[in-house]
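Okay, structure first, notes after.
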Amino acid sequence: MSTPAILEDLQAAFPGWCIWRSSAGRMWATRNGRRLSSLEIYHGLCQTLDADDVTQLAQQLKNQEETEKAL
């Protein structure tokens, strides 16, 4: 998958996440309807992510997918 260029593309690519831009301009994503266990967090999964821009957030979300698949 190529890196999503805009917020709407990012939301479409990662439907399990609620994604938004804060009033300070930072990008945020939090998991929809799923709380992580302590074990999942220990292994590197995050409930909420933040980044400077869409590209960085997309990479973090891809990393989360890869980590989750490895569990």
Side-chain angles (χ1 to χ4, degrees):
M1 174 178 79
S2 63
T3 301
I6 59 173
L7 186 59
E8 291 81 10
D9 293 338
L10 194 61
Q11 188 64 65
F14 300 96
W17 294 81
C18 177
I19 301 170
W20 73 97
R21 185 183 313 273
S22 73
S23 60
R26 289 195 57 78
M27 298 299 305
W28 291 84
T30 193
R31 292 178 186 270
N32 282 329
R34 178 169 158 347
R35 299 296 296 169
L36 296 175
S37 70
S38 296
L39 184 63
E40 290 172 313
I41 293 168
Y42 176 79
H43 285 287
L45 293 181
C46 298
Q47 192 69 44
T48 302
L49 302 169
D50 72 304
D52 291 331
D53 57 39
V54 171
T55 303
Q56 288 179 2
L57 188 60
Q59 185 59 55
Q60 288 185 45
L61 290 164
K62 288 177 191 176
N63 292 345
Q64 287 289 293
E65 282 185 341
E66 292 169 6
T67 300
E68 195 161 7
K69 286 178 187 175
L71 291 178

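As the structure is a prediction and not an experimental result, all values here were calculated from the model.
A pairwise comparison of heavy atoms in Asn32 and Cys18 identifies OD1-CB, 3.3 Å as the closest pair. Summarising the geometry of Ala58 relative to Phe14, their closest heavy-atom pair is O-CZ, 4.0 Å, with the distance given to 0.1 Å. Among all heavy-atom pairs drawn from Cys46 and Leu36, the shortest one is C-CD1, 3.3 Å.
At least one donor-acceptor pair under 3.5 Å links the side chain of Gln11 to the backbone N or O of Trp17.
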Audit row: Leu45, Leu71, side chain to side chain contact (heavy atoms under 4.5 Å, CB included) steps and yes/no: CA-CA 10 Å; Leu45 293 181; Leu71 291 178; 3.7 Å; yes
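Interatomic distance, CD of Gln64 versus CG of Leu57, reported as 10.0 Å (0.5 Å rounding).
Residues satisfying the side-chain hydrogen bond (donor to acceptor under 3.5 Å, both in side chains) criterion with Arg26, sequence neighbours excluded, are Asp50, Asp52. Looking at residues two or more places apart in sequence or on another chain, you find a salt bridge (Lys or Arg N to Asp or Glu O under 4.0 Å) between Glu68 and Arg31, Arg34.
One hydrophobic cluster, built from ILVMFWY side chains closer than 4.5 Å, holds both Met27 and Leu49.
Looking at heavy atoms from C-beta onward, Ile19 lies in side-chain contact with Leu7 at the 4.5 angstrom threshold. At a threshold of 4.5 Å between non-hydrogen side-chain atoms, the residues Val54 and Arg21 count as touching.
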